[in-house]
Amino acid sequence: MKNRNKIIALLLVIVVGGGMLFSFKGKNDKLFLIAKNLDIFASLIRELDTYYVDEIDPEELVTVGINAMLQELDPYTNYIPEEESDDFRTMTTGEYGGIGALIGNRIGKNMVLMPYKGFPAQSAGLRIGDELLWVDSVDVVDLATSEISKKLKGPANTPVEVIVKRNQDTLTFELTRKKIVITNVPYYGMVNDKVGYIKLTDFTTNAGDDVRKALVELKELGAEKLILDLRDNPGGILKEAVDIVNLFIPKGKEVVSTIGKLDNVNAVYKTNRSPVDKDIPLAVLVNERSASASEIVAGALQDYDRAVLIGRNTFGKGLVQSTIPLSYNSQVKVTTAKYYIPSGRCIQEIDYSKKDEDGNATTVADSLRREFKTKNGRTVWDGAGVRPDEKVESKTYAPITYSLVARSLVFEFVNDYFYKHDSISSPRDFKVTDELYDEFTTWLEGREYDYITRVEKTIEDLENYAKEEKYFEDIQSEIDSLKKSVSHNKEQDLVTFRDEIKEAIKDEVVSRYYYEGGVIEASLDSDDEIAKAVSVLSDLSVYDNILQPKLAKK
């Protein structure tokens with residue numbers, strides 16, 4: 001397979017006539033090699049189309065070749081054919097024409113998973129759990145959710161008919177598509193009477209303005225300290241990252257610089273406005289899925305000792321992409337530079353220019369990572385993402401909880417609950433009572449949710465290794481005894497792990513009535529990273545001490 005991919009990778013970007021590009025020969029060796037291989041590519045496609053025993057689809061084959069070639073570079077350099085341009089635009093701008101709803105497959109059915117508040121789906125009354133049956137007279141029951149999504153999207157102000165099944169009822173909705181602009185800040189509010197909280201999920205167009213608006217309103221509500229949550233934020237537009245940093249540091253300060261092979265991608269980005277608040281104590285939450293623009297914001301604020309970072313190491317993406325138009329309305333998103341935050345460090349963790357013997361890119365070795373200093377003289381390091389100042393371990397859940405959620409049993413139960421209850425209390429006040437939990441455990445009877453615990457998996461692995469190494473007969477009785485001792489009991493696990501299962505039920509219930517923002521609000525009192533941030537911000541001596549120079553460990 002690896003050799004096949006390397007061969008396919010020779011199928012370069014466009015089909016050209018034989019000999020057309022040989023006029024480049026003589027300019028330099030590289031241009032000659034490009035022309036030579038493009039001519040080989042064109043010849044290969046023509047001969048395959050003529051001689052291959054079965055009919056081939058030249059367009060599909062070329063696309064496979066392009067993608068295989070780009071995979072040799074890095075995962076962020078991507079070919080975007082004309083038919084995928086709309087999806088790419090939605091991803092980068094957060095804008096599209098549609099009904100404003102996230103759809104997906106649950107329990108083998110295509111369903112509405114989240115209507116976005118204030119948009120046509122939610123305004124018309126579509127609900128989480130509604131099963132999609134028809135879209136504009138097209139039966140969508142067996143279609144992939146991606147195909148249904150395309151049918152729901154379209155130019156703003158055009159009609160679309162959606163027929164859904166809700167419980168035992170079939171309902172028809174006549175909707176008018178609108179321009180959907182997905183907010184970058186699905187929730188902001190007060191954690192307590194002095195600490196404000198902003199959840200930033202993306203860096204699409206207007207992210208800076210969204211955070212600015214939230215910050216100003218929180219200050220009006222009495223916020224004297226702030227938590228900015230960048231967890232699970234994959235990044236986006238670099239300008240928006242600069243604008244967000246600018247909310248907290250003075251005008252004229254460098255936020256990030258980009259350095260590449262061409263002069264036109266080399267740039268220094270500085271703050272260009274007066275900050276909203278350059279003194280408010282600030283905690284930034286990050287984790288292993290905080291990437292790219294998230295890391296620019298977190299890293300720049302750390303380099304200026306302007307915020308305490310809390311959570312876990314970030315993803316480690318220090319690469320910049322530019323979109324370049326190709327022929328026939330296609331595009332290529334290509335890595336053109338690396339970015340460097342104010343201390344001078346690049347946080348890129350994987351070196352895609354170096355591959356191991358299996359062809360996999362390698363991480364930057366600890367011995368090659370370099371030391372840098374923050375404004376106050378604290379030690380920070382390059383080459384492995386942004387490390388938090390205060391680490392909080394990832395929360396783990398029991399296998400039974402994973403099973404109940406993954407098999408959509410919590411989802412199904414809450415659907416039934418939603419049909420029977422018109423309203424609930426506010427997201428932070430709503431509780432899953434013991435009575436409701438007992439209803440859930442009764443409802444589970446007869447339903448399949450088997451699972452294997454981590455200890456059982458370890459014993460299973462031990463048994464397999466013992467058999468491979470011919471020790472099994474010697475220790476079989478001990479292994480059987482261990483199996484008997486740790487064999488899980490689902491009924492007991494429902495008791496042992498009731499608190500975390502209740503949490504999963506609560507999130508699902510709250511989402512039905514208060515959507516994405518409500519789920520975030522409901523978590524404010526049970527989130528370990530938020531609790532740590534509140535603790536640090538509540539004692540400014542601790543906060544200040546963290547931001548002072550101290551020996552940092554690699």
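For the numbers below, each heavy atom of this structure counts, side chains included, while hydrogens, waters and symmetry mates do not. Because the structure is predicted, anything quoted here is derived from the model rather than measured.
Counting heavy atoms from C-beta on, the side chains of Ser330 and Ile80 never come closer than 4.5 Å. In this structure, the side chains of Tyr397 and Val405 stay at 4.5 Å or more apart for every pair of heavy atoms. Using a 4.5 Å cut-off on side-chain heavy atoms (C-beta onward), Cys346 and Tyr340 make contact. Considering only heavy atoms from C-beta on, Lys219 comes within 4.5 Å of Val276 through its side chain. The shortest distance between side-chain heavy atoms of Asn192 and Met190 does not fall below 4.5 Å. At a threshold of 4.5 Å between non-hydrogen side-chain atoms, the residues Val519 and Pro427 do not count as touching. Between Gln302 and Arg378 there is a side-chain heavy-atom pair separated by less than 4.5 Å. Side-chain contact between Ile103 and Asn110 is absent, with no heavy-atom pair separated by less than 4.5 Å.
Remark: Tyr515 OH is packed, more than 12 non-hydrogen atoms of other residues, nucleotides or ligands lying under 6.0 Å away. No more than 12 heavy-atom neighbours from other residues, nucleotides or ligands sit within 6.0 angstrom of NZ on Lys532. Lys178 NZ: 12 or fewer foreign heavy atoms inside a 6.0 Å radius. Heavy-atom neighbours of Asp263 CG from other residues, nucleotides or ligands within 6.0 Å: at or below the threshold of 12. Heavy-atom neighbours of Arg289 CZ from other residues, nucleotides or ligands within 6.0 Å: above the threshold of 12. Crowding of Glu59 atom CD: a count of heavy atoms from other residues, nucleotides or ligands under 6.0 Å not exceeding 12.
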Are Lys199 and Tyr188 close enough, and set up right, to give a side-chain contact (heavy atoms from CB on, under 4.5 Å), and what steps lead you there?
CA-CA 6 Å; Lys199 175 65 175 179; Tyr188 62 92; over 6 Å; no

Start with the C-alpha gap between Thr201 and Glu516, add the side-chain angles, then the distance that decides, and say whether side-chain contact (heavy atoms from CB on, under 4.5 Å) holds.
CA-CA 11 Å; Thr201 56; Glu516 181 182 10; 4.2 Å; yes

Given the rule in the side-chain contact (heavy atoms from CB on, under 4.5 Å) test, do Thr335 and Gln321 qualify, once you have shown the distances and angles that lead to the verdict?
CA-CA 4 Å; Thr335 299; Gln321 283 72 47; 2.9 Å; yes

Set out, in order, the CA-CA distance, both residues' side-chain angles and the distance that settles side-chain contact (heavy atoms from CB on, under 4.5 Å) for Ile546 and Val536, then state yes or no.
CA-CA 9 Å; Ile546 292 172; Val536 169; 4.0 Å; yes

Asp528 vs Lys395, salt bridge (charged side-chain N to carboxylate O under 4.0 Å, His left out): CA-CA, chis, key distance, verdict:
CA-CA 8 Å; Asp528 292 341; Lys395 193 170 185 176; 5.1 Å; no

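Of all the heavy atoms in Gly98 and Pro120, the pair that sits closest is O-CG, 4.1 Å. In terms of heavy atoms, Lys251 sits closest to Pro275 at N-CD, 4.3 Å. Of all heavy-atom pairs spanning Thr401 and Ile501, the tightest one is OG1-CG1, 3.6 Å. Scanning both residues, Ala298 and Val284, for their nearest heavy atoms gives CB-CG1, 4.3 Å. The two atoms that bring Ile520 and Pro186 nearest to each other are CD1-CG, 3.7 Å, heavy atoms only. Nearest approach of Ser322 to Thr336, heavy atoms of both residues: OG-OG1, 3.0 Å.
A distance-only check finds a donor-acceptor pair linking the side chain of Asn376 to the backbone of Leu547 [under 3.5 Å]. Side chain of Arg312 to main chain of Val392: a donor-acceptor pair is present (N/O by atom type, distance under 3.5 Å, no hydrogens or angles). Under the 3.5 Å distance criterion, the side-chain polar atoms of Tyr339 are matched with a main-chain donor or acceptor of Lys317. With hydrogens and angles disregarded, a donor-acceptor distance shorter than 3.5 Å links the side chain of Thr271 to the backbone of Gly252. Not one N or O on the side chain of Asn246 forms a donor-acceptor pair closer than 3.5 Å with the backbone of Val242. Not a single donor-acceptor pair under 3.5 Å links the side chain of Ser149 to the backbone N or O of Thr145. For the pair Asn266 (side chain) and Gly260 (backbone), a donor-acceptor distance under 3.5 Å is present. Checked by atom type and distance alone, the side chain of Arg428 pairs as donor or acceptor with a backbone atom of Val191 at under 3.5 Å. Formation of a donor-acceptor pair under 3.5 Å by the Glu240 side chain with backbone atoms of Ala207 is found in this model. Remark: side-chain polar atoms of Lys333 are paired, donor with acceptor, to backbone N or O of Tyr76 under 3.5 angstrom.
Distance CG/Leu326 to CD1/Ile324: 7.5 Å, rounded to 0.5 Å. To the nearest 0.5 Å, atom CG of residue Asp74 and atom OG of residue Ser353 are 10.5 Å apart. Going from atom CD1 of Ile237 over to atom OG1 of Thr204 covers 6.5 Å, rounded to the nearest 0.5 Å. The CG atom of Asp229 lies 10.5 Å from the CD1 atom of Ile198; values are rounded to the nearest 0.5 Å. Atom-to-atom distance recorded for Tyr543:OH and Leu282:CG is 5.5 Å, nearest 0.5 angstrom. Atoms CG and CG, from Asn545 and Asp389 in turn, are 11.5 Å apart once rounded to the nearest 0.5 Å.
Both the sub-6.0 Å distance and the 45° axial angle are satisfied by Arg512 relative to the ring of Phe411.
Of the candidates Ile296, Leu230, Leu309, Val380, Leu309 is the only one forming a side-chain contact (heavy atoms from CB on, under 4.5 Å) with Val386. If you run salt bridge (charged side-chain N to carboxylate O under 4.0 Å, His left out) between Asp303 and each of Arg345, Lys253, Lys375, only Arg345 comes through. Test Leu200, Val297, Val216 against Val211 for side-chain contact (heavy atoms from CB on, under 4.5 Å) and you get one pass: Leu200.
A salt bridge links Asp243 with Lys239: at least one charged nitrogen is closer than 4.0 Å to a carboxylate oxygen. The residues Lys151 and Glu147 are annotated as not salt-bridged, no charged nitrogen and carboxylate oxygen being separated by less than 4.0 angstrom.
A donor-acceptor pair shorter than 3.5 Å cannot be found between the side chains of Glu521 and Tyr514. Side-chain atoms of Asn206 and Asn184 form no donor-acceptor pair, as typed in the model, at a separation below 3.5 Å. For the residue pair Lys338/Thr258, the side-chain donor-acceptor check at 3.5 Å is not satisfied. Side-chain atoms of Asp305 and Thr374 form a donor-acceptor pair, as typed in the model, at a separation below 3.5 Å.
The aromatic rings of Tyr187 and Tyr197 are tilted relative to each other, their planes meeting at an angle between 30° and 60°.
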